[in-house]
Amino acid sequence: MTSDEFDVIVIGGGPVGENAAGRTAAGGLRTALVEAERFGGECSYWACMPSKALLRPGHALAAAKRLPGVPVGDRLDAAAVLARRDGFTSHWDDAGQVQWAEGAGIVPIRGRGVVTGEREVTVDGRVLTARRAVVLATGSVPRVPSLSGLSEVPHWGSREATSAHEVPESLVVLGGGVVGVEMAQAWARLGSRVTLVISQDRPLPKFEDFVGEYVADGLREDGVTIRASAKTASVSAVEGGVELVLADGTSIVGEHLLVATGREPATRDLGLEAFGLEAGRALPVDDTGRVSGVDWLYGCGDVTGRALLTHQGKYAARAVGTAILADARDPELWSASAATADHTAVPQVVFTDPEVGFVGRTAEQARAAGLDVRVVDVDIAVAGSSLHADGYRGKARMVVDEGTRTLVGVTFVGPDVAEMVHAATVAIVGEVTVDRLWHAVPSYPTISEVWLRLLEAYGL
């Protein structure tokens, strides 16, 4: 095998690509990992890690203020927060990620990879061939709305929002999804005057309806102005920043504009049209990640459009790697190569204050799937929550499939509920009945005792 011949070529060196490449390399297949920007990808430098580093200090300060006897200041040290954020991104230097790849037996190749033939990838003129498979893990890119004037106005996307080195005096955030609400709160707590413009009546509309109400209350407590049910008509540059004109004729001016209106699979300019695939659209894959109609091409992570979450992408990547290894030498591995959790058991956390933890289906989604469901709601008002913070306010919802008496969806909203989500994930994946779940005794006094309240409200 020559230096440009591999068993597997993975395009996209973020966490998803790293997991796929790591799996096949560990299984003895010569694997190349191709990355056009920074090894470590979006999550490491412009998304998951820097955004949570920006949010955590504000959460800690707010939590301390909820307890008497804890001496705290009134505001964050913005410079220190930004410096700590820079540490988590390794100051946007990917040398450590390259070292990891090499140590894992992966061949890192820097450049833009394009699929130019069957099992063939060209990287800036260099032709690589794969004996077994090519894996696409190129992630997603921001979806830019068609909005009058936007293309002529400098504005932030998620990258600029997580990597900025100065706190803007004012910030207008367009979009009420996860990025919109997290960045609105992060920059408000760092001292910016933030206005959140959303097209629906509440943020986070894809979650259970009460979630957006709790998060909106938390944002308002931090001074965020929310313009709900607002349609943006145009954007223009004005002295001192950017102006949004809404359909009702009112306008909003801010030093910076953050456009956070969703993401789409990064499948353009990869040469996919030659194989009957549509550029810019999600890759059609089965549960092993194999692309429909192209038996040597795999996709995992955001490019599949299944669940645009780093942890789900990494999970799918491990399944892809296992499937390729099974094809290569051990058919028995196929039992572990199907990524089925994307269908019904996707966990997600929104790292606002209050936090949101959700897994499975909402009540509306479960009913739309034809399930006979019962919805149980309780306030998070247990000994553990009262000890955790004075005035603790939160809510939990359990969606039960009455046909099987198993959970199909669980939502928590409240301070520091993120760590409770995995228990719900295990219950859903394991198809644990509520009758059996009754014997999973929550420790006292913890917030997890809300599980007992949910089961009691169900009637057990």
Side-chain angles (χ1 to χ4, degrees), residues 1-14 16-36 39 41 101-102 104-139 265-306 313 316-331 333-334 336-339:
M1 188 180 294
T2 71
S3 61
D4 287 342
E5 293 177 332
F6 299 88
D7 294 307
V8 180
I9 301 170
V10 180
I11 304 178
V16 176
E18 288 176 338
N19 270 259
R23 196 80 159 181
T24 56
L29 300 182
R30 187 166 190 259
T31 302
L33 181 62
V34 179
E35 172 55 41
F39 287 92
E102 292 172 339
I106 299 165
V107 179
I109 299 174
R110 197 181 298 277
R112 185 166 298 280
V114 178
V115 183
T116 49
E118 183 172 332
R119 298 183 177 87
E120 178 185 277
V121 174
T122 299
V123 183
D124 298 337
R126 177 183 175 186
V127 179
L128 314 178
T129 56
R131 296 177 61 193
R132 298 200 171 274
V134 174
V135 180
L136 299 178
T138 48
T267 54
R268 300 185 189 278
D269 303 319
L270 291 174
L272 300 180
E273 299 89 336
F275 306 97
L277 301 169
E278 189 174 349
R281 301 296 295 272
L283 294 175
V285 298
D286 63 18
D287 287 343
T288 69
R290 180 173 285 170
V291 175
S292 176
V294 191
D295 63 3
W296 50 269
L297 186 63
Y298 290 78
C300 47
D302 289 6
V303 291
T304 69
R306 285 191 164 198
R318 293 191 292 272
V320 164
T322 303
I324 294 170
L325 289 171
D327 266 349
R329 57 191 56 165
D330 189 356
L333 287 173
W334 274 96
S337 65

- Query: After noting the C-alpha distance and the side-chain angles of R23 and T322, does the key distance pass the side chain to side chain donor-acceptor pair (under 3.5 Å) rule?
  - Reply: CA-CA 7 Å; R23 196 80 159 181; T322 303; 3.0 Å; yes
- Item | Residue pair D124 / R110: nearest heavy atoms and the distance that separates them | OD2-O, 4.4 Å
- Search all heavy atoms of V320 against all heavy atoms of G289 and return the closest pair with its distance. CG2-CA, 3.8 Å
- Message: If you compare all heavy atoms of F39 against all heavy atoms of L33, which two are closest, and at what distance to 0.1 Å?
- Response: CE2-O, 3.5 Å
- Message: Just checking R119: does its CZ atom have more than 12 heavy atoms from other residues, nucleotides or ligands closer to it than 6.0 angstrom?
- Response: yes
- Query: Stepwise, does the side-chain contact (heavy atoms from CB on, under 4.5 Å) test hold for T129 with D4?
  - Reply: CA-CA 6 Å; T129 56; D4 287 342; 5.9 Å; no
- Message: Let's go through L270 and T138 carefully: what are the C-alpha distance in whole Å and the side-chain angles of both, what is the deciding distance for side-chain contact (heavy atoms from CB on, under 4.5 Å) to 0.1 Å, and is it a yes or a no?
- Response: CA-CA 9 Å; L270 291 174; T138 48; 3.8 Å; yes
- Under-4.0 Å salt bridge between R30 and D7: no
- Task: Before giving the answer on side-chain contact (heavy atoms from CB on, under 4.5 Å), spell out for V115 and I11 the whole-Å C-alpha distance, their side-chain angles and the decisive distance to 0.1 Å.
- Result: CA-CA 9 Å; V115 183; I11 304 178; 4.1 Å; yes
- Between V34 and the options V107, V123, V10, V135, the side-chain contact (heavy atoms from CB on, under 4.5 Å) test singles out V123
- Task: Provide the closest heavy-atom pair for V303 versus A266 in the form atom of the first, atom of the second, distance.
- Result: CG1-O, 4.1 Å
- Do other residues, nucleotides or ligands put more than 12 heavy atoms under 6.0 Å from R126 CZ? yes
- Task: Please say which of V134, V291, I324, D327 ends up in a side-chain contact (heavy atoms from CB on, under 4.5 Å) with W296.
- Result: V134
- Minimum heavy-atom distance A104-A25, with the two atoms named: O-CB, 3.7 Å
- Message: Show the nearest heavy-atom pair for residues Y298 and R290, with the distance to one decimal.
- Response: OH-NH2, 2.8 Å
- Heavy-atom count around D269 CG within 6.0 Å, excluding the residue itself: above 12? no
